[in-house]
Amino acid sequence: MKERTQKTSKNSGSPVRTAFFLFAILVLGLGVRIYYLMEAAEYPNFLVPYAGMDAVYYHELAQRVAGGDILLGKDVYWASPLYAYFLGGLYALFGDSYWVARIANVILGVGTIALIYSFTLRFFQSAPTALLASLGAAIYGPLIVFDTSGLNTSLGLFLTALMLYMLADCLKREKRSFCWLFAGTASGLAFNKVGQIGIFLLLMCGWLFIKRPFEPEQNFPVRNDLKNRLQRVSLFILGIVLVIAPFTMRNYFVAKDPVLIGYNSGLHFYIGNHKGASGKFINIDGLRHTPKGHVFDARRIAEEETGRALSASKVSSFWMNRVYEFIRNDPAEFFRLLGKKTLLVLSSYEIPGNDNYQYLKQRSLYLSYFPDIKIMLTLGLCGILLGFLEYRKLEILLIFSFSYSLALVLTLVSWRYRMPLTLVLIPFTGYFIVQIFEAAKRKTYIMLFLIIPLTFGAWALTQASTVEEQYSAADTKRAEARMAMSERERKILTQLKTDTSLTDKDISSLLVKQAGLRKRQLDIEGSIDILQKALALSPDQPMQWRNLSGMLKRLGRTDETKEAINNYEKYRKSRRSEKRKISNSEE
């Protein structure tokens, strides 16, 4: 016990100096994010995001929350609503600007840096490792991008880091079993936002039951050992339930369907696991690749194939059953797909989703200065392998690394979904660097010689996948097209806002163009709303009524479709009548 205390104090350094360095790192992290935020503010998609992005979906949900729609409608949640409620509260206080979302993410990002320092210090018991980890988080390129975006990733990373901190803190305060209730609460919040940690939470429950509450050398009584284990597990599970239960109760209250949180898991599982799947998000026939498209089309396809109306849970089960059928019919292909996704998890290419990190680095010389996944993945893997030498104090981080990677392999891989994994890769990177310096200081040459092939092997593993060669050019082209689309829509909105000489007909013409852009972005719902405003200002546009009827029909809005068709016929006949009059007058 004395040796452990001496080792901890030796690695902890001066508290004042450590606090100064941590403060400097937090200021650095805030500074680099604010600078990139100012740079990104010049991009066309800053205030006019591509309509198919999650940022637009959560922005609209948050506006509804801020407007008083606390239950968010009368259907089961599609995805976790936590970010919508978080953002809705901020919108109610500060207004519904994308600036509010981005500034909030910057603050969450700085909080994540502090949490990474805190749980790293508790797990590794080394101030240099914790400071290096926090420094890595402060200057890690993908984190900077997400912390200045309008996406919900920063909240998920913050809550996952909070969960790891609470777990580390509970280990430090082992005699107080009640702290596991708070760890469970933090875990429930993290699960609400990052569903992939579900496997980790299951393994944690087993770990808490198997692991003895106290170390033997501490001479704590062990006759109530089983009772203490059950108490820890029960409090941990209770904390999780307390956070998730309100969402489940809401789903049952509004739709009589006891879905845990959201019902998108079935579709996402199918997108990642079907014949022809690549392991990343790909287009499915008949399914729009947007959040709103997933909500509507997933149900429409399921109901058309089953021939009956389905509840949200049945829709999710429909897509799940498709996966099980695929596995039964072609298990060899399924396991090949799992192998392909394993390489995707270990790939040094950030698979794009809403944003493309490689493309953003091309646009920004500033962003290209910061380390990315190529460094963190290589050094982090080396740190994880070395971490097995001290597995007793790093068990939770090692379990998280394995379970989260497994969750990605079983579902989908993208750089946004892989981001929580960097919460442990960054500390293990710091640990690996510290081990190198300590080996050099102690002149442990055998250790240094082992580190060289270890690093090379980890680097080779990250380069094994050909993902970048396969997708890089197409992904970049898609990112450029999305940016161009945002630029065109921004120009339209700017003209509508600043040009006071526009007539109703001019405004209608601009709105028709905007509706067309939204349709090309597969935002059919948004295109309908904008086109309806355009036709209210200038209804004598038969072709636009025809376009409107087609989109309404696609969404199954029968009554509105009939009205649009009637208006199309009405104004088409009116146009023909005018042409006849003009022709007769000319004769």
Side-chain angles (χ1 to χ4, degrees), residues 43-64 66-67 69 91 95-99 101 150 288-293 295-297 354 481-576 578:
Y43 294 174
N45 66 347
F46 187 84
L47 295 178
V48 188
Y50 188 79
M53 290 180 63
D54 288 3
V56 178
Y57 177 70
Y58 281 103
H59 175 72
E60 293 175 355
L61 288 179
Q63 286 177 318
R64 290 169 58 184
D69 185 9
Y91 282 1
D96 58 352
S97 166
Y98 280 108
W99 273 102
R288 286 174 290 151
H289 193 48
T290 66
K292 291 180 182 177
V295 173
F296 179 80
D297 293 334
N354 285 267
R482 288 181 173 183
M483 195 69 80
M485 199 82 72
S486 292
E487 174 64 19
R488 291 174 64 184
E489 187 169 359
R490 184 175 72 166
K491 287 181 178 178
I492 292 173
L493 292 172
T494 301
Q495 187 175 357
L496 287 169
K497 185 177 181 180
T498 59
D499 193 343
T500 56
S501 64
L502 294 174
T503 64
D504 284 352
K505 191 172 182 180
D506 294 332
I507 295 172
S508 178
S509 178
L510 288 170
L511 289 174
V512 166
K513 290 180 180 179
Q514 186 188 11
L517 288 174
R518 288 294 185 89
K519 186 178 180 180
R520 288 177 61 185
Q521 298 172 58
L522 302 180
D523 179 19
I524 306 300
E525 294 84 356
S527 182
I528 288 173
D529 292 340
I530 295 168
L531 193 53
Q532 286 175 333
K533 292 176 183 177
L535 291 170
L537 290 171
S538 179
D540 189 10
Q541 302 182 71
M543 291 309 297
Q544 298 308 324
W545 283 111
R546 185 177 180 180
N547 290 336
L548 179 62
S549 67
M551 291 189 291
L552 289 168
K553 183 179 180 181
R554 182 171 179 176
L555 297 186
R557 291 156 67 168
T558 308
D559 293 339
E560 293 176 88
T561 302
K562 291 178 180 178
E563 182 183 354
I565 291 173
N566 291 336
N567 283 324
Y568 163 67
E569 295 292 344
K570 171 185 173 182
Y571 289 108
R572 188 181 66 161
K573 290 178 181 178
S574 176
R575 286 279 182 94
R576 285 179 177 177
E578 288 179 7

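- By the salt bridge (Lys or Arg N to Asp or Glu O under 4.0 Å) test, Asp529 is found to be paired with no residue, residues two or more places apart in sequence or in another chain being considered.
- Contact annotation: the side chain of Gln495 approaches that of Leu502 to within less than 4.5 Å [non-hydrogen atoms, C-beta and beyond].
- Residues Leu531 and Met551 have side chains in contact (heavy-atom distance under 4.5 Å, counting atoms from C-beta outward).
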**Request:** Applying side-chain contact (heavy atoms from CB on, under 4.5 Å), run through Leu511 and Leu537 and close with a yes or a no.
**Result:** CA-CA 10 Å; Leu511 289 174; Leu537 290 171; 4.1 Å; yes

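- To the nearest 0.5 Å, the span separating CZ on Arg572 from CD on Glu569 amounts to 4.5 Å.
- The aromatic rings of Tyr91 and His59 sit perpendicular to each other, their planes meeting at more than 60°, with 30° as the lower class boundary.
- Of the inter-residue distances, the one linking Leu517 atom CG with Glu489 atom CD reads 6.0 Å to the nearest 0.5 angstrom.
- No side-chain donor-acceptor contact under 3.5 Å links Ser508 to the backbone of Asp504.
- One finds the NZ atom of Lys292 at 10.5 Å from the CD1 atom of Ile524 (value rounded to the nearest 0.5 Å).
- Counting only heavy atoms from C-beta outward, the side chains of Arg288 and Phe296 approach each other to under 4.5 Å.
- Remark: Leu510 CG to Leu496 CG distance equals 5.0 Å, nearest 0.5 Å.
- Between Leu552 and Ile528 the shortest side-chain heavy-atom distance falls below 4.5 Å.
- Counting heavy atoms from C-beta outward, Leu555 and Thr561 have side chains that stay 4.5 Å or more apart.
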**Request:** List the steps and the verdict of side-chain contact (heavy atoms from CB on, under 4.5 Å) for Leu47 and Arg490.
**Result:** CA-CA 8 Å; Leu47 295 178; Arg490 184 175 72 166; over 6 Å; no

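- For Ser549 (side chain) and Arg546 (main-chain N/O), a donor-acceptor pair under 3.5 Å exists by modelled atom type.
- Proximity of a side-chain donor or acceptor of Asp523 to a complementary backbone N or O of Gly526 within less than 3.5 Å is detected.
- Taking both residues in full, the closest heavy atoms of Gln514 and Leu493 are given as NE2-CD2, 3.5 Å, listed atom of the first, atom of the second, then distance.
- For the residue pair Thr503/Asp506, the side-chain donor-acceptor check at 3.5 Å is satisfied.
- Residues Tyr571 and Trp545 have side chains in contact (heavy-atom distance under 4.5 Å, counting atoms from C-beta outward).
- To the nearest 0.5 Å, atom CD of residue Gln532 and atom CG of residue Leu535 are 8.0 Å apart.
- At least one side-chain heavy atom of Val295 sits under 4.5 Å from a side-chain heavy atom of Tyr57.
- Evaluation of the salt bridge (Lys or Arg N to Asp or Glu O under 4.0 Å) rule for Arg554 yields no partner, not counting sequence neighbours.
- Pro49 and Ser486 get closest at one heavy-atom pair: C-OG, 3.9 Å.
- Rounding to the nearest 0.5 Å gives a distance of 15.5 Å between NZ of Lys570 and CD1 of Ile565.
- Evaluation of the salt bridge (Lys or Arg N to Asp or Glu O under 4.0 Å) rule for Arg488 yields no partner, not counting sequence neighbours.
- Ion pair Arg518/Glu525 not flagged as a salt bridge, since none of the NZ, NE, NH1 or NH2 atoms sits closer than 4.0 Å to an Asp/Glu carboxylate oxygen.
- Closest heavy-atom contact between Met53 and Asn354: CA-OD1, 3.0 Å.
- Under the 3.5 Å distance criterion, the side-chain polar atoms of Ser527 are matched with a main-chain donor or acceptor of Ala515.
- The minimum heavy-atom distance linking Ala55 with Gly150 is given by the pair CB-O, 3.6 Å.
- Not one N or O on the side chain of Glu487 forms a donor-acceptor pair closer than 3.5 Å with the backbone of Pro44.
- Counting all heavy atoms, side chain and backbone alike, Lys513 lies closest to Ile492 at CB-CD1, 3.8 Å.
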